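This one's a predicted model, so the numbers in the text were calculated from it and none came from an experiment.
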Amino acid sequence: MSFDEFYPYYLTQHADRRCRRTHFIGSSGALLAIATAVVTGNAWWVLVALVFGYGGAWIGHFFYEHNKPATFAQPWLSFKADWVMYWQMLTGKLSF
């Protein structure tokens, strides 16, 4: 499956704005944690980044969408799709 085929499906799994918001918050926290790891040289922040990123996504799916994260079936496509969705929310192309 190509990314162009996968992404529309991915968006259907994130129809609830609250789910997209938890993804956005988690991804933002992950970016901040990675930046902190780079600045401080403390690799533990990478673990924090993973907790933020996956935690935000899983909260959104289990509490709002009531579906299984696409990461379980398509990890690499889901990772890319999450950042495309993040960018679209950040730039106003997708409602937040």
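By the criterion of side-chain heavy atoms lying less than 4.5 angstrom apart, applied directly or through intervening Ile, Leu, Val, Met, Phe, Trp or Tyr residues, V46 is not grouped with F52; the two fall into different hydrophobic clusters. Under the 4.5 Å side-chain contact rule for hydrophobic residues, Y64 and L11 do not share a cluster. The hydrophobic cluster containing V48 does not contain W44, counting ILVMFWY residues as joined when their side-chain heavy atoms lie under 4.5 angstrom apart, directly or transitively. In this structure, W58 is a member of the same hydrophobic cluster as L50, with clusters built from ILVMFWY side-chain heavy atoms closer than 4.5 Å.
H61 pairs in a side-chain hydrogen bond (donor to acceptor under 3.5 Å, both in side chains) with only one of the listed residues (H66, H23, K68), which is H23.
Atom CE of M85 is separated from atom CG of L94 by 7.0 Å, given to the nearest 0.5 angstrom.
Within the 3.5 Å criterion, the main-chain N or O of S95 finds no donor-acceptor partner in the side chain of R17. Between the E5 side chain and the S2 main chain, a donor and an acceptor come within less than 3.5 Å of each other. Not one N or O on the side chain of T22 forms a donor-acceptor pair closer than 3.5 Å with the backbone of I59.
Put simply, the side chain of L90 does not reach to within 4.5 Å of the side chain of F96, judged on heavy atoms. Using a 4.5 Å cut-off on side-chain heavy atoms (C-beta onward), P69 and F62 make contact.
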Give the intermediate values and the outcome of side-chain contact (heavy atoms from CB on, under 4.5 Å) for residues W45 and I34. CA-CA 6 Å; W45 284 102; I34 290 169; over 6 Å; no
Would E65 and Q13 count as a side-chain contact (heavy atoms from CB on, under 4.5 Å) if you check the C-alpha gap in whole Å, the side-chain angles of each, and the deciding distance to 0.1 Å? CA-CA 7 Å; E65 287 289 355; Q13 301 303 295; over 6 Å; no
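For F3, the ring pair (Phe, Tyr, Trp, His ring centres under 6.0 Å) partners two or more places apart in sequence, or in a different chain, are Y7. Scored by the ring pair (Phe, Tyr, Trp, His ring centres under 6.0 Å) test, Y10 finds F6, H14 as partners (sequence neighbours excluded). With sequence neighbours left out, W83 forms a side chain to side chain contact (heavy atoms under 4.5 Å, CB included) with S27, L31, F79, Y86.
Scanning both residues, G53 and A30, for their nearest heavy atoms gives N-CB, 4.1 Å. Considering every non-hydrogen atom in both L77 and M1, the closest pair reads CD1-O, 3.8 Å.
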